[in-house]
Amino acid sequence: IFGTLLYLCDRYGHSIRRMSDMTLSPALIIGVAQAIAIIPGTSRSGITMTAARALGFERPEAARFAFLLGIPAIGAAGILKLTEAAAQGISPQTLSALDGLTYDPATIAKDRAQGVFAQTFLQFSDRMVSNNRLQVGSALIKKNAGTFAKIKEQFGVPAPVLVAYWGLETDFGKVMGNLQTLRSLATLSFDCRRPEKFKGEFLDALRVIERGDLVPEEMRGPAHGEVGQFQFQPSIYYQYAVDFDGNGRRDMIRSAPDALASAANYLKGIGWQAGQPWIEEVVVPTEMDWSQADVTIKKPRSFWSQHG
């Protein structure tokens, strides 16, 4: 059975980093055996939530393997246990969005193939900053002049910055992705690379639904759970989304005013200061110490001036 578990981890792109991470409880062994139809008279589709609980499938390690095998009901039970959503004020109605969730190999494949990180900044910017986007962006600034003026007054972020951000993320709302957000986040929550991060994002996605901003069916996007015209991950969405059109929902999918104001609120929240330069072109010395060229390193202008 343990060999089977190792195979399943390998087959679905997971790894067991430490043997002590796995508890081979009787429930786990029986559950996996049932899931792969080792025990006669059982099948994947025949395992109900009640049976899963009777077998102890609320144990995280058991739920993990059930989810990898693509058993919807047991997968949902595991997600509930791992995120402790019910204990964090998520209603049964919202939790019903978990019904039928299954592991998505396509999400993992996309996570492992992020070619954008192999590009230089100039390669990336040349590809993303096209003449068409410059023209469309200028037109959108004129078309939404009133909205941009109100956003600048409230948040201090000017229209050109927001439009550049908008065009870069989704081509001004045209390309927002088509993977099921909850399914992607659930899958990444069970992945070995960054499970804790995505468990948190999964819970915040449920909070966005609970708050009434979006419904599960409309939450679709790229492989890492980004949502809306500015591709906010759920934690950012929950914290910074704004109802700028006044309809009672923070809808960054269909409402351009909500999306733009939310982006401005986010930028302000992470340190945007109105009237300050956001970038300046400089000429670097021939013997530049490139170990200092990192966005995490902050020095006063006097320091850089002294170093040429």
*Could you give me the CA-CA distance, side-chain angles and deciding distance for Leu162 and Leu267, then say whether side chain to side chain contact (heavy atoms under 4.5 Å, CB included) is met?*
CA-CA 9 Å; Leu162 291 173; Leu267 292 176; 4.2 Å; yes

*Check step by step if side chain to side chain contact (heavy atoms under 4.5 Å, CB included) holds for Ile209 and Leu182.*
CA-CA 11 Å; Ile209 296 168; Leu182 289 180; 4.0 Å; yes

*How far apart are the C-alpha atoms of Arg220 and Gln180, what are their side-chain angles, what is the distance that settles it, and do they pass the side chain to side chain contact (heavy atoms under 4.5 Å, CB included) test?*
CA-CA 5 Å; Arg220 306 184 75 91; Gln180 297 177 45; 3.5 Å; yes

_If you apply the rule side chain to side chain contact (heavy atoms under 4.5 Å, CB included), what do you find for His307 with Asp289, and how did you get there?_
CA-CA 9 Å; His307 289 75; Asp289 180 5; over 6 Å; no

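The hydrophobic cluster containing Tyr237 also contains Phe155, counting ILVMFWY residues as joined when their side-chain heavy atoms lie under 4.5 angstrom apart, directly or transitively. Hydrophobic clustering places Tyr238 together with Leu185 (ILVMFWY residues linked when any side-chain heavy atoms are closer than 4.5 Å, directly or through intermediates). There is a path of hydrophobic side-chain contacts, each under 4.5 Å, that joins Ile270 to Leu260. Hydrophobic clustering, with ILVMFWY side chains joined whenever heavy atoms are under 4.5 angstrom apart, keeps Met288 apart from Ile297. No path of Ile, Leu, Val, Met, Phe, Trp and Tyr side chains, each step under 4.5 Å between heavy atoms, connects Leu179 with Leu214, placing them in separate hydrophobic clusters.
A distance of 11.0 Å separates NZ of Lys268 from CD of Gln273, quoted to the nearest 0.5 Å. The CZ atom of Arg254 sits 10.5 Å away from atom CD of Gln229, with the distance rounded to the nearest 0.5 Å. From Phe244, atom CZ reaches atom CZ of Arg250 across 14.0 Å, with rounding to the nearest 0.5 Å. For the atom pair CG of Asp111 and OG of Ser184, the computed distance is 10.0 Å after rounding to the nearest 0.5 Å. Of the inter-residue distances, the one linking Tyr266 atom OH with Met252 atom CE reads 10.5 Å to the nearest 0.5 angstrom. For the atom pair CZ of Phe148 and NZ of Lys142, the computed distance is 13.0 Å after rounding to the nearest 0.5 Å.
Put simply, the side chain of Leu140 reaches to within 4.5 Å of the side chain of Phe172, judged on heavy atoms. The closest side-chain heavy-atom distance from Arg194 to Glu201 is not below 4.5 Å. Using a 4.5 Å cut-off on side-chain heavy atoms (C-beta onward), Lys199 and Leu203 make no contact.
Trp272 places a side-chain N or O within 3.5 Å of a backbone atom of Gly156 that can act as its donor or acceptor partner. Between the side chain of Thr187 and the backbone N or O of Tyr103 there is no donor-acceptor pair closer than 3.5 Å. Of the possible donor and acceptor atoms, one in the side chain of Asp243 sits under 3.5 Å from a partner among the backbone N and O of Gly248. Panel note: side chain Ser262, backbone Asp258; a donor-acceptor pair is recorded below 3.5 Å.
Using cut-offs of 30° and 60° on the angle between ring planes, the pair Phe230 and Trp166 is parallel.
In this structure, Pro285 and Gly308 approach most closely via the heavy-atom pair CD-O, 3.4 Å. What you find for Arg207 and Asp204 is that their closest heavy atoms are NH1-OD1, 2.6 Å. Taking every heavy atom of both residues into account, Ser255 and Asp245 meet most closely at OG-OD2, 2.8 Å. Nearest heavy-atom pair across Ser125 and Leu122 is OG-O, 3.1 Å. Nearest approach of Ser189 to Phe202, heavy atoms of both residues: OG-CB, 3.9 Å.
Enclosure of atom CG in Asn131 is not indicated, since only 12 or fewer non-hydrogen atoms of other residues, nucleotides or ligands lie within 6.0 angstrom. The number of heavy-atom neighbours closer than 6.0 Å to NZ of Lys152, taken from other residues, nucleotides and ligands shown, is 12 or below.
A salt bridge between Lys110 and Glu226 is absent, with no side-chain N of the basic residue lying under 4.0 Å from a carboxylate O of the acidic one. Between Glu153 and Lys150 there is no salt bridge, since no side-chain nitrogen of the basic residue lies less than 4.0 Å from a carboxylate oxygen of the acidic one.
Residues Tyr240 and Phe232 keep their aromatic ring centres 6.0 Å or farther apart.
Side-chain contact of Asn132 with Ser130: a donor-acceptor pair under 3.5 Å is absent, judged by distance alone. A donor-acceptor pair shorter than 3.5 Å can be found between the side chains of Thr107 and Asp104. Checked by atom type, the side-chain pair Thr170/Gln231 shows no donor-acceptor distance below 3.5 Å.
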